[in-house]
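Ligands are counted one by one from 1 in listed order, and the atoms in each one are counted from 1 as well. In this text, all values refer to a predicted model and were calculated from it rather than measured experimentally. For this chain, numbers begin at 1 and follow the sequence in order.
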Amino acid sequence: MTTESRGDGNPAIENLMAEKRVFPPDPAFSRQANAQASLYDEAERDYVEFWARQARERLTWTKPFETALEWDLPFAKWFVGGELNVAYNCLDRHVEAGLGDKVAYHWIGEPGDTRTLTYADLLREVGKAANALRELGVEKGDRVAIYMPMIPELPIAMLACARIGAPHTVVFGGFSAEALAGRINDCGAKVLITADGGFRRGKEVGLKHHADEALAATPSIKAAIVVNRTGHDIHMVPGRDHWWHDIVERQSPDCAPVPVDSEHMLYLLYTSGTTAKPKGILHTTAGYLLGTSYSHEMIFDLKPDDVYWCAADIGWVTGHSYIVYGPLANAATGVMYEGAPDTPTWERWWEIVEQYRVTILYMAPTAIRAFMKQGTHHPAAHDLTTLRVLGSVGEPINPEAWLWYHEHVGGGRAPIVDTWWQTETGQILLTPLPGVTVTKPGSATFPFPGIGADVVDANGDTVPFGGGGYLVLTRPWPAMLRGIYGDPERYRETYWKRFPGKYFAGDGAKRDEEGYFWLLGRVDDVMNVAGHRISTTEVESALVDHKSVAEAAVVGTKDDVTGQSIFAFVILKADQTPSDALAVQLREHVAYVIGPIARPKQLMFVPDLPKTRSGKIMRRLLRDIAEGRALGDTTTLADAGVVDIIREHSGRAEE
Ligand code: 7RM
């Protein structure tokens with residue numbers, strides 16, 4: 001353990017990580033790997049030319065680009081002068097190359113219904129949907145909102161938009177009517193594509209009634225297309241609402257892809273920031289498609305026969321980049337699943353891996369920990385030996401979850417890629433390359449070839465290896481956001497002002513003595529206890545390292561003496577019972593693993609934690625609970641009942 005503070009008034013985030021195990025690549029894997037160590041040097045010699053070469057080789061252009069990069073900080077233009085179509089790159093060219101019968105998606109509905117779509121099927125369906133949008137008056141540049149469950153019509157709708165150059169904005173199906181209306185109004189969408197509902201946790205989740213409520217306050221929407229998924233009785237507004245099975249099914253499958261400029265807007269995806277108003281993160285065409293497809297092929301070591309499953313929801317950026325655009329541009333065969341990991345039972349995901357012989361699996365640490373909590377018997381009951389690459393995304397993965405994933409899912413063989421990136425970055429930026437990188441559980445390792453990243457202190461100076469600070473990106477990259485829709489000033493303010501010339505990611509990070517990057521959570525999640533900066537992640541990791549603990553969330557609460565003190569919320573494993581003695585033991589365990597400064601002052605056993613729908617712990621709400629305040633905004637909470645349950649327990653905090 002090291003607890004050094006730097007003597008410059010900017011104490012670096014302290015390096016408390018004790019994880020020392022390393023996992024070198026298996027030579028047999030390395031021999032067949034897509035990525036080679038030489039990529040780093042090649043990209044470093046001239047990163048712009050590196051991306052330009054990839055763009056010429058990987059993408060199919062209707063007009064070649066003239067200039068690889070115009071960088072008018074903080075505004076980037078990649079592959080300037082080029083023209084192409086994303087749907088053509090994801091579908092037509094594969095069918096033309098003889099891959100029409102290759103499966104694009106094995107889709108599994110939560111109730112157990114299935115559909116298989118080949119590249120030829122997808123091309124046909126996308127053509128019909130694009131023609132339906134045209135019939136409704138959608139033209140190049142018009143925005144289309146999409147509010148759907150995880151059904152094949154969702155990627156079909158996205159690609160239909162891309163085919164005619166209409167930017168989409170996908171709003172996650174778990175969001176409220178108000179959230180949907182706010183996003184539609186921010187971008188002035190003309191058409192909404194939705195469904196009657198979907199299936200989640202064994203229940204029908206209605207969407208259309210939320211959409212109806214939203215559309216009462218969205219003057220820009222002229223028409224809606226509604227997929228019949230659940231068959232539930234819904235109200236169709238005459239003249240506005242059209243069933244997908246009417247308006248799409250009667251169209252011709254032929255719809256010529258519209259070539260667009262490299263910098264044409266492909267989509268907006270709204271994400272929350274520090275204010276109440278979500279930001280419309282703007283992604284464009286060529287750089288995004290290149291960044292997602294190239295990273296997908298290298299990081300997941302994609303081969304033609306792989307069966308790739310990214311278990312995210314398409315409503316999040318992970319689904320946009322690594323279920324839809326990256327994989328389809330690579331002609332991958334993917335699995336797409338509608339439901340939750342525990343429905344109908346905790347066996348479901350492992351059944352899918354076994355049945356479809358999944359070779360690459362990409363999921364979030366929160367899901368891994370949920371599986372851990374159930375024990376090893378579920379994955380052990382299934383043949384998972386087809387798995388050859390495992391990915392993690394969305395939050396720092398604690399070493400215990402990493403090791404569990406490695407052993408009980410990956411059979412101790414499959415390399416794990418811990419991939420750091422953001423809605424804003426569009427593509428994975430920090431990651432191991434399988435077959436190349438020696439991994440350390442809990443570290444996202446190094447910047448992807450061509451990416452510039454650094455860890456800086458509050459003055460923007462590089463923190464030497466061994467120390468922590470703020471993660472910044474030092475060069476433009478192809479899939480980077482081009483702005484916040486309608487608000488260039490907020491774009492500058494949020495990402496480029498704090499450290500001039502560098503992109504501020506909002507994450508704390510440290511590099512160890514060997515230069516490995518360790519993500520320490522959002523900087524607002526960094527606690528300061530008696531002048532020591534301690535990351536919430538590190539304390540959580542230490543708690544989860546204890547054999548009794550299933551999951552933990554840690555917040556800093558105001559403390560008169562130490563500035564902040566550490567408050568831990570702990571979910572125990574199913575066979576454990578809460579007790580004062582155990583609370584003491586866990587607090588001591590943290591002190592033992594990290595050091596006495598990290599010992600939680602308070603510890604509360606809880607049955608559940610408040611999470612966003614993408615699985616991120618809402619520490620802000622936990623701070624409200626810990627400090628006995630009224631709750632702030634809870635609209636992004638996945639399960640609103642959770643905070644009430646925690647509050648009922650809150651008399652029982654241990655001090
Ligand atoms: C892809 C995604 C972005 C934030 C980011 C981090 C956190 C994501 C990792 C991670 C540690 C990782 N986009 N994050 N991946 N932290 N290790 N591998 O999640 O826009 O929804 O969130 O997520 O804090 O800033 S996102």
### Query
Between D507, V393, V317, L471, which one has a non-hydrogen atom sitting closest to atom 6 (C) of ligand 1?
D507
### G394 N/O to ligand 1 N/O under 3.5 Å
yes
### Query
Is there a nitrogen or oxygen of T419 sitting under 3.5 Å from a nitrogen or oxygen of ligand 1?
yes
### Query
Can R200 and E338 be counted as an ion pair, charged N to O under 4.0 angstrom?
no
### Task
Decide whether the shortest distance between a heavy atom of W421 and an atom of ligand 1 is less than 4.0 Å.
yes
### Task
Examine T318 against ligand 1 and note whether any of their N/O atoms are separated by less than 3.5 Å.
no
### Query
Checking salt bridge (charged side-chain N to carboxylate O under 4.0 Å, His left out) for the pair R369/E395: CA distance, chi angles, key distance, verdict?
CA-CA 12 Å; R369 288 194 298 267; E395 48 179 319; 3.1 Å; yes
### Query
Relative to Y470, does R498 satisfy both conditions: NZ or CZ under 6.0 angstrom from the six-membered ring centre, and within 45 degrees of the ring's axis?
yes
### Summary
protein heavy-atom neighbour closest to atom 20 (O) of ligand 1 works out as T423 OG1, 2.7 Å
### Message
Test your reading of the structure: does E424 have an N or O sitting under 3.5 Å from an N or O of ligand 1?
### Response
no
### Task
Any atoms of ligand 1 less than 4.0 Å from a non-hydrogen atom of P396? List them with their elements.
11 (C), 16 (N), 17 (N)
### Query
Just checking, R511 and F517: is the charged tip under 6.0 Å from the six-membered ring centre and within 45° of the axis?
yes
### Query
For atom 19 (O) of ligand 1, which candidate among K616, E395, Q422 holds the nearest heavy atom?
K616
### Query
Between E424 and K279, is the closest basic N to carboxylate O distance under 4.0 Å?
yes
### Query
Hey, is R482 close enough to E263 for a salt bridge, meaning N to O under 4.0 Å?
yes
### Summary
Value for CG (L282) from CG (L268), rounded to nearest 0.5 Å, stands at 5.0 Å
